A.B. asks: 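Questions regarding the structure given below will be posed in turn.
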There are 2 protein chains.
Amino acid sequence: MPKTSGKREKLVDSAGKLFHQVGFNQTSLADIAEDSGVPLGNVHYYFKTKAELILEVLNHRSERLKSWYEELNELPSPKERLVAMIDDTLTLRHKLAKYGCPVGSLCQELDKEREPISKKADGLIKMQLKWISEQFVELGKKNAEELSLQLIASLHGTAVVGNALKSPKIIEEELGRLKSWVKAM
Amino acid sequence: MPKTSGKREKLVDSAGKLFHQVGFNQTSLADIAEDSGVPLGNVHYYFKTKAELILEVLNHRSERLKSWYEELNELPSPKERLVAMIDDTLTLRHKLAKYGCPVGSLCQELDKEREPISKKADGLIKMQLKWISEQFVELGKKNAEELSLQLIASLHGTAVVGNALKSPKIIEEELGRLKSWVKAM
DNA sequence: GTCTATATGTTGATAGAC
DNA sequence: GTCTATCAACATATAGAC
């Protein structure tokens with residue numbers, strides 16, 4: 001455990017940001033060092049390899065996803081939770097259009113990397129599927145699995161298309177449609 | 001124009017295959033040279049830079065997409081065309097689960113590259129949106145744009161999720177659902 | 001714990017013989 | 001047109017002074 005510096009956190013934050021914005025392979029350790037204000041040589045004190053760093057970034061993302069779902073779970077009804085999830089996503093539409101989905105784009109890129117990196121990335125999508133599925137189960141849907149697959153696929157696809165076309169508007173439209181779909185259930 | 005060798009085509013084929021399977025950034029010119037049987041140094045006779053090579057790969061993909069749509073357009077009704085499009089995609093489910101969508105994954109990765117590469121990649125998704133939209137227009141739908149966005153987002157999202165979870169079955173299920181959706185229109 | 005300097009390997013790209 | 005040999009730049013990773 002470090003005493004106070006917080007350099008480890010800064011490195012993870014910068015890495016997460018840059019991996020999302022310019023991709024894992026196109027982000028060098030030098031870039032991360034510069035962005036976080038940590039000298040290049042010092043990076044290896046905290047993370048022996050680049051693989052260790054991306055694993056930590058994925059852990060952080062996993063934690064944040066978990067916290068988010070815990071927050072959403074405070075809402076009384078599953079329908080409200082799903083709507084709130086979509087609304088929160090809507091807030092990010094400009095970043096999504098600019099850089100793509102922080103989960104989906106990393107999954108695609110890291111899918112080609114060796115274990116355990118790709119496994120960890122895939123786990124994020126499994127978490128998403130699981131939480132959404134739970135909401136549909138609580139809504140009394142027999143085909144909760146299928147519905148959650150449908151919803152998460154639409155969400156990820158919207159990010160892909162919105163990002164390709166650099167259009168927050170497209171994301172807004174599609175999320176609006178999905179919200180109506182959930183509300184009408 | 002080359003006389004007979006066909007090495008240029010071999011290079012483009014290998015590049016397209018490897019870019020899809022392991023990604024653009026993770027594929028070196030040496031990899032492409034080896035896969036195509038063309039000596040490394042000779043690659044630069046055909047393509048001055050790696051950027052030129054990816055542009056040619058994107059051109060090929062664009063041509064293939066165009067040919068595909070021309071074939072589909074032979075079918076009498078727009079509904080049949082859409083169903084055939086989904087059925088053709090279904091055929092590729094194992095490759096999609098293994099490597100992701102050849103269009104979507106490249107778009108995501110090349111999005112961060114400099115012009116004109118990213119533009120060319122985005123153009124592929126625009127082609128898809130355009131063709132699907134035309135089918136819905138011909139089906140008499142007033143909200144053809146919205147429907148085509150919905151369909152293409154579902155398709156790309158299915159590829160992302162199916163690839164992340166390495167599941168051709170998921171792709172099969174979701175494409176089956178989309179097919180029913182189109183048929184019921 | 002922090003940093004400078006550097007080792008080591010790989011990449012995209014070139015030069016020039018054939 | 002084809003290929004061998006090689007350059008220069010950049011990457012990750014390490015060694016070791018402070």
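Per chain, numbering begins at 1; letters A, B, ... match sequence-line order. Just so you know, these numbers come straight off a predicted model, no measurement behind them.
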A.B. asks: Send over the distance from A:Leu53 CG to D:dA11 P, rounded to a whole Å.
C.D. replies: 15 Å
A.B. asks: Measure from the side-chain heavy atoms of B:Lys50 and tell me the nearest of C:dT2, D:dT2, C:dG12.
C.D. replies: C:dG12
A.B. asks: Mind running a 4.0 Å heavy-atom check of residues 36-44 of chain B against DNA chain D and sending the residues that fall below it, in number order?
C.D. replies: B:Pro39, B:Gly41, B:Asn42
A.B. asks: Where along residues 16-28 of chain A does a heavy atom come under 4.0 Å from DNA chain D, residue by residue in number order?
C.D. replies: A:Thr27, A:Ser28
A.B. asks: For A:Leu29, is there any backbone N or O sitting under 3.5 Å from a side-chain donor or acceptor partner on A:Lys50?
C.D. replies: no
A.B. asks: In this structure, how many angstroms lie between the P atom of C:dT11 and the CD1 atom of B:Ile54, rounded?
C.D. replies: 17 Å
A.B. asks: Rounded to the Å, how far apart are B:Leu29 CG and D:dA5 P?
C.D. replies: 19 Å
A.B. asks: Would you please name every residue forming a salt bridge (Lys or Arg N to Asp or Glu O under 4.0 Å) with A:Asp35, sequence neighbours left out?
C.D. replies: A:Lys17
A.B. asks: Between C:dT11 atom C1' and B:Ile32 atom CD1, what is the distance in whole Å?
C.D. replies: 12 Å
A.B. asks: Check for a donor-acceptor pair, side chain of A:Glu113 on one end and backbone N or O of A:Glu109 on the other, with a separation under 3.5 Å.
C.D. replies: no
A.B. asks: For the pair made of CZ in A:Phe47 and P in C:dG1, what is the distance, rounded to whole Å?
C.D. replies: 13 Å
A.B. asks: Using atom NZ of A:Lys10 as one end and atom P of C:dG1 as the other, report the distance to the nearest whole Å.
C.D. replies: 15 Å
A.B. asks: Quickly work out the A:Tyr46 OH to C:dG1 C1' distance and round it to whole Å.
C.D. replies: 6 Å
A.B. asks: Rounded to the Å, how far apart are A:Glu34 CD and C:dT4 P?
C.D. replies: 14 Å
A.B. asks: Would B:Asp31 and B:Ser28 count as having a side-chain donor-acceptor pair, cut-off 3.5 Å?
C.D. replies: yes
A.B. asks: With a 4.5 Å cut-off on side-chain heavy-atom distances among I, L, V, M, F, W and Y, is there a chain of contacts connecting A:Leu65 to A:Leu82?
C.D. replies: yes
A.B. asks: Indicate whether the side chain of B:Glu80 and that of B:Ser77 have a donor and an acceptor atom separated by less than 3.5 Å.
C.D. replies: yes
A.B. asks: Can you measure from CD (B:Glu174) to OG1 (B:Thr89) and round to the nearest 0.5 angstrom?
C.D. replies: 12.5 Å
A.B. asks: Between A:Glu56 and A:Arg8, does at least one N-O distance fall below 4.0 Å, as a salt bridge requires?
C.D. replies: yes
A.B. asks: Are any of B:Tyr45's side-chain N or O atoms less than 4.0 Å away from OP1 or OP2 of D:dG1?
C.D. replies: yes
A.B. asks: Between B:Glu173 and B:Arg177 (salt bridge meaning N to carboxylate O under 4.0 Å), is one present in this structure?
C.D. replies: no
